[in-house]
Amino acid sequence: QVRLVESGGGLVQAGDSLRLSCAVSGLIDNSYQLGWFRQAPGKEREFVSSIFWNCGRTDYADSVQGRFTISRDNAKNTVDLQMNNLKPQDTAVYYCAAKWWRALEYDRWGQGLKVTVSA
């Protein structure tokens with residue numbers, strides 16, 4: 001089964017950078033998309049970024065475009081989210097997720113980790 005384990009969350013100040021990592025295991029093949037989502041206190045979960053495991057195509061939410069960068073390392077089986085110029089509104093629990101590329105929705109989720117950005 002697919003297993004996703006996030007690491008790298010923490011408390012930072014506005015303008016700082018933080019790097020989240022998602023260790024991926026159990027994929028049958030490379031035809032998966034990996035995504036990062038977040039849920040701020042009292043708000044709905046929202047899409048942040050995604051990457052196609054095989055070819056590396058990426059997508060970003062408008063709110064993080066130009067500040068966040070998603071990447072994957074096929075050899076290390078990790079998907080990272082480099083977050084630069086963090087803002088207080090980036091404060092949320094961040095989740096790594098996976099789905100087969102043809103699936104309608106993400107169906108495998110990590111445990112989540114907290115990112116707090118102070119003003």
Side-chain angles (χ1 to χ4, degrees):
Q1 62 181 19
V2 176
R3 179 179 296 175
L4 307 172
V5 181
E6 303 107 328
S7 63
L11 173 64
V12 298
Q13 296 180 344
D16 286 351
S17 297
L18 197 64
R19 189 175 184 88
L20 308 182
S21 183
C22 177
V24 183
S25 63
L27 295 180
I28 298 176
D29 55 38
N30 296 134
S31 301
Y32 278 81
Q33 291 178 351
L34 278 297
W36 285 96
F37 294 76
R38 67 187 183 186
Q39 186 169 16
K43 298 183 179 180
E44 298 292 326
R45 184 175 62 195
E46 65 175 345
F47 170 81
V48 176
S49 184
S50 68
I51 185 168
F52 189 65
W53 185 259
N54 190 21
C55 69
R57 295 200 310 268
T58 60
D59 191 25
Y60 297 93
D62 290 341
S63 59
V64 305
Q65 181 71 44
R67 298 189 298 120
F68 291 10
T69 302
I70 190 171
S71 62
R72 97 294 196 201
D73 189 322
N74 294 60
K76 298 180 179 179
N77 292 320
T78 62
V79 175
D80 296 339
L81 185 68
Q82 178 66 42
M83 305 185 294
N84 296 330
N85 191 25
L86 284 162
K87 304 175 180 180
Q89 51 264 48
D90 294 318
T91 295
V93 175
Y94 283 71
Y95 298 89
C96 182
K99 72 177 185 72
W100 186 52
W101 75 280
R102 283 185 175 268
L104 297 178
E105 62 183 28
Y106 288 83
D107 57 359
R108 298 291 185 270
W109 297 84
Q111 77 282 2
L113 56 81
K114 184 178 295 184
V115 172
T116 302
V117 184
S118 62

Is there a continuous path of hydrophobic side-chain contacts, each under 4.5 Å between heavy atoms, that joins [X] to [Y]?
X      : Y     : value
Leu113 : Val48 : yes
Trp101 : Val79 : yes
Trp109 : Trp36 : no
Trp100 : Phe52 : yes
Trp53  : Leu20 : yes

Can you check whether [X] reaches [Y] side chain to side chain, under 4.5 Å on heavy atoms?
X      : Y     : value
Lys114 : Thr91 : no
Tyr95  : Leu4  : no
Leu86  : Leu18 : yes
Tyr60  : Ser50 : no

Residues two or more places apart in sequence or in another chain: which of them pass side-chain hydrogen bond (donor to acceptor under 3.5 Å, both in side chains) with [X]?
X     : value
Glu44 : none
Arg72 : Asn74
Ser21 : Asp80

How long is the gap from [atom1] on [X] to [atom2] on [Y], to the nearest 0.5 Å?
X      : Y     : atom1 : atom2 : value
Asp73  : Thr78 : CG    : OG1   : 5.0 Å
Ser63  : Asp90 : OG    : CG    : 7.5 Å
Arg108 : Cys96 : CZ    : SG    : 13.0 Å
Lys99  : Gln33 : NZ    : CD    : 4.0 Å
Thr58  : Leu34 : OG1   : CG    : 13.0 Å

ask   = Between Phe37 and Phe47, is the ring centre distance below 6.0 Å?
value =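 Ring-ring flag for Phe37/Phe47: true, centres closer than 6.0 Å.
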
Backbone N/O of Ser118 and side chain of Gln13: donor-acceptor pair under 3.5 Å =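 Looks like no, no N/O pair under 3.5 Å.
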
message = Under a 3.5 Å distance rule, please check whether Arg67 uses its side chain to pair with a backbone N or O of Asn85 as donor and acceptor.
response =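 Yes; judged by distance alone, with no hydrogens or angles, the pair exists.
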
request  = Taking only Lys NZ, Arg NE, NH1 and NH2, and the carboxylate oxygens of Asp or Glu, determine whether Glu46 and Arg38 approach each other closer than 4.0 Å.
outcome  =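 Yes, Glu46 and Arg38 are salt-bridged.
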
key: CA sep, side-chain torsions, deciding dist, call: Ile51, Arg57, side-chain contact (heavy atoms from CB on, under 4.5 Å)   = CA-CA 5 Å; Ile51 185 168; Arg57 295 200 310 268; over 6 Å; no

message = Testing the 3.5 Å rule here: is there a donor-acceptor pair between the side chains of Ser17 and Asn84?
response =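 Short answer, yes.
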
request  = Return yes when atom CZ of Arg3 has more than 12 non-hydrogen atoms of other residues, nucleotides or ligands closer than 6.0 Å, and no otherwise.
outcome  =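 No - once you tally the heavy atoms of other residues, nucleotides and ligands closer than 6.0 Å, there are 12 at most.
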
request  = Return the orientation label for the Phe68 and Tyr94 ring planes: parallel under 30°, perpendicular over 60°, tilted otherwise.
outcome  =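 The arrangement is tilted - the two ring planes meet at 30° to 60°.
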
Locate the shortest heavy-atom distance separating [X] from [Y]; write the atom from each residue and the value.
X     : Y      : value
Ser49 : Ile70  : OG-CG2, 3.2 Å
Ala14 : Pro88  : CB-CD, 4.1 Å
Glu6  : Gly112 : OE1-N, 3.0 Å

